[in-house]
Number of protein chains: 2
Amino acid sequence: MAKKSEQIIKNLSTDSVIFGFDNSELKVLLIKLAVEPQKGEWALPGSNILTDENLDVAAKRVLKELTGLDNVYMEQLYTFGDVLRFPLFRVVTVAYFALVKIEDYQPEPGPKASDAKWFPIKKLPKLPFDHIEIINYALKRLKQRVRIRPIGFELLPMKFTLSQLQNLYETIMDVEMDKRNFRKKIIGMNLLIPLEKQKGVPHRAAKLYRFDKRKYDSLKEKGFNFEI
Amino acid sequence: MAKKSEQIIKNLSTDSVIFGFDNSELKVLLIKLAVEPQKGEWALPGSNILTDENLDVAAKRVLKELTGLDNVYMEQLYTFGDVLRFPLFRVVTVAYFALVKIEDYQPEPGPKASDAKWFPIKKLPKLPFDHIEIINYALKRLKQRVRIRPIGFELLPMKFTLSQLQNLYETIMDVEMDKRNFRKKIIGMNLLIPLEKQKGVPHRAAKLYRFDKRKYDSLKEKGFNFEI
DNA sequence: GCAAAAGTGTTTCCGCTACACCCATGA
DNA sequence: TCATGGGTGTAGCGGAAACACTTTTGC
């Protein structure tokens, strides 16, 4: 008999849009469904919520179970509940979005997924249910968030160059930026800690930086606004 | 026997934070619960969602049933699902926030509510469950939204003066603004249509305006950003 | 005529934009 | 030595902020 802790809420699920960035493209992590219906189709990682499990916890658990990912930036996105979104019965899904340092992570599908793979946001496969709508909503949210909160760093390796950072912003926001102005602005915020230089690149080595989260947190309390 | 359309989803509900503005204070509409548990307590209007009813539709229906309100600005806020938020069993609630022209509305409690009343946001009664948390979240969202989308107008009468508008912004955002700068900015957006003057006020009569929604919608398509 | 709110311009300042060339490194 | 990206400063413009007095109206 199932323990109480493994009872699921029948009409509720969680789905996550996981973004990664590989220095040139924004990507989304999808899993190949291993169970009917829709077996074999690529979809957002998602599953049911347990009756004694908080929503955020459920989202994290599902992510871990299906993709192996742990300890990533996650934020509740929106709740999608169209009556017809799931064909068999009514399922309302609380969607989350997650940001992953793509280099740190090699997809490892869990037991309920037969595969897990990064897809460029511009070349997504056909997706079941309303998953494409959820991804589009997440992308819209990401574009907004990245401008006003320093969450872009969640998509970069711990140590990154200013060019990588600029490239990230340009890709997500789909604009071109002036290199000097971008650097002035970022450096002016005093939230980056300069580190050593790159090595082994076939051009002048760039300085590496890391994001000073502690400083940001304390500035934020004093009303500082991150904005690019 | 209940029609299929009246089956409820047991573990899901919707709650709404309804804001109103009476020219000096921001207020929230609460209802007095008419059924156990918590009978007699003031709370956010909320109820179950039906199995064949979209979330937005449910939120609107519940609002109408409990408060008589119809045709108001509504937006999904966040989904609150703490395991312990409801004492009897697990209930996840999809919260909405609504903006109401307070002058147009005299509270009329529906059959499931024994009373409905506006409370100043700074003088709320003790609320059950996590309702205070939901209100605080809604307030935070309102403060953000009002700066970047012209939804403040939803809180004012159709015809309003610039001072009323400024007062609304000052109250919501909890700041003081310079009258001349405020007027320059607002008028400069060209989104207000000047109307006749006030009558019967014990001081110089102010010009009334109304918000040009059509114009805003077409500007928005061209990429215009409302921002105060 | 007085109280109360409406209405109105100008100056200053700061941040955003535009813009082009030299440097370091590995191949 | 060449290809590739790294790194740097300044001038001009425009929008934001600061600031105070006159006007209209009802009582």
Side-chain angles (χ1 to χ4, degrees), chain A residues 21-25 103 146-148 150 156-157 159-171 173-210 219 223-228, chain B residues 21-25 146-148 150 156-157 159-171 173-211 219 223-228:
Chain A
F21 180 69
D22 73 351
N23 270 327
S24 69
E25 272 183 321
E103 299 193 352
V146 96
R147 290 198 55 230
I148 54 172
L156 292 177
K159 301 176 181 185
F160 52 84
T161 67
L162 293 180
S163 294
Q164 279 178 296
L165 185 63
Q166 180 174 348
N167 194 231
L168 171 73
Y169 276 97
E170 290 184 336
T171 303
M173 293 164 57
D174 203 22
V175 292
E176 299 223 323
M177 298 177 182
D178 179 85
K179 186 163 51 159
R180 279 171 291 190
N181 293 340
F182 180 82
R183 284 166 184 240
K184 251 179 294 174
K185 193 151 186 177
I186 292 287
I187 297 293
M189 290 185 188
N190 265 308
L191 286 171
L192 297 188
I193 298 173
L195 304 168
E196 74 279 9
K197 288 202 172 180
Q198 278 182 319
K199 276 184 184 161
V201 286
H203 53 76
R204 177 170 175 179
K207 193 181 278 186
L208 292 164
Y209 293 84
R210 71 177 181 84
L219 282 176
F224 170 80
N225 265 329
F226 181 90
E227 186 157 347
I228 289 186
Chain B
F21 180 69
D22 74 352
N23 270 326
S24 70
E25 273 184 320
V146 95
R147 290 198 55 231
I148 54 173
L156 292 176
K159 300 176 181 186
F160 52 85
T161 68
L162 293 180
S163 295
Q164 278 179 295
L165 185 63
Q166 180 175 346
N167 193 231
L168 171 71
Y169 276 99
E170 290 184 336
T171 304
M173 293 164 56
D174 204 21
V175 292
E176 299 222 324
M177 299 177 181
D178 179 85
K179 186 159 56 155
R180 280 170 291 190
N181 292 339
F182 180 82
R183 285 165 185 241
K184 252 180 292 176
K185 194 150 183 177
I186 292 288
I187 296 293
M189 290 185 187
N190 264 308
L191 287 170
L192 297 188
I193 298 173
L195 304 168
E196 73 278 9
K197 287 202 171 179
Q198 277 183 320
K199 275 182 185 161
V201 286
H203 53 76
R204 177 171 176 178
K207 193 182 278 187
L208 292 164
Y209 293 85
R210 69 179 182 81
F211 178 63
L219 282 176
F224 169 81
N225 265 331
F226 181 90
E227 185 156 348
I228 289 185

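In what follows, chains carry the letters A, B, and so on, assigned in the order in which the sequence lines appear, proteins first and then strands, with residues in each chain numbered from 1. The model shown is predicted, which means the values in this text are computed figures rather than measured ones.
- Between the P atom of D:dA17 and the CD1 atom of B:I228 lies a distance of 12 Å, rounded to the nearest Å.
- Comparing A:R180 and A:P202 along DNA chain D, the residue whose closest nucleotide (by nearest heavy atom) sits nearer the 5' end is A:P202.
- A straight line from NZ of A:K197 to P of C:dC23 spans 13 Å, rounded to a whole angstrom.
- Counting non-hydrogen atoms of neighbouring residues, nucleotides and ligands closer than 6.0 angstrom, the CD atom of A:E196 exceeds 12 such neighbours.
- We find that CG of B:N181 is positioned 16 Å from P of C:dT12, with the value rounded to whole Å.
- Between the CZ atom of B:F182 and the P atom of D:dG15 there is a distance of 19 Å, rounded to whole Å.
- A:T161 and A:Q198 make their closest contact through CG2-NE2, 3.6 Å (heavy atoms, listed as atom of the first residue, atom of the second, distance).
- Taking every heavy atom of both residues into account, A:E170 and A:M177 meet most closely at OE2-N, 2.7 Å.
- Among the nucleotides D:dG5, D:dA16, D:dA18, the one closest to the side chain of A:H203 is D:dG5.
- Atom C1' of nucleotide C:dT25 and atom NZ of A:K199 are separated by 14 Å, given to the nearest angstrom.
- Taking only side-chain atoms of B:K184, from C-beta outward, the nucleotide of C:dT25, C:dG9, C:dG7 with the closest atom is C:dG9.
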Problem - side chain to side chain contact (heavy atoms under 4.5 Å, CB included) assessment of A:E103 paired with A:N23 - result: CA-CA 10 Å; A:E103 299 193 352; A:N23 270 327; 4.2 Å; yes
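- You'll find that the side chain of A:R204 is closest to C:dT25, out of C:dA6, C:dT25, C:dC19.
- As a whole-Å value, the separation of A:R183 CZ from C:dC23 P is 16 Å.
- When the C1' atom of D:dT8 is taken as reference, atom CG of A:D178 falls 11 Å away, rounded to whole Å.
- Heavy atoms of B:K179 sit under 4.0 angstrom from at least one base atom.
- Contact check, B:S163 against C:dA5: no side-chain N or O comes under 4.0 Å of OP1 or OP2.
- Between A:R210 and A:F160, the closest heavy-atom pair is CA-CE2, 3.9 Å.
- Atom P of nucleotide D:dG5 and atom CD of A:Q166 are separated by 13 Å, given to the nearest angstrom.
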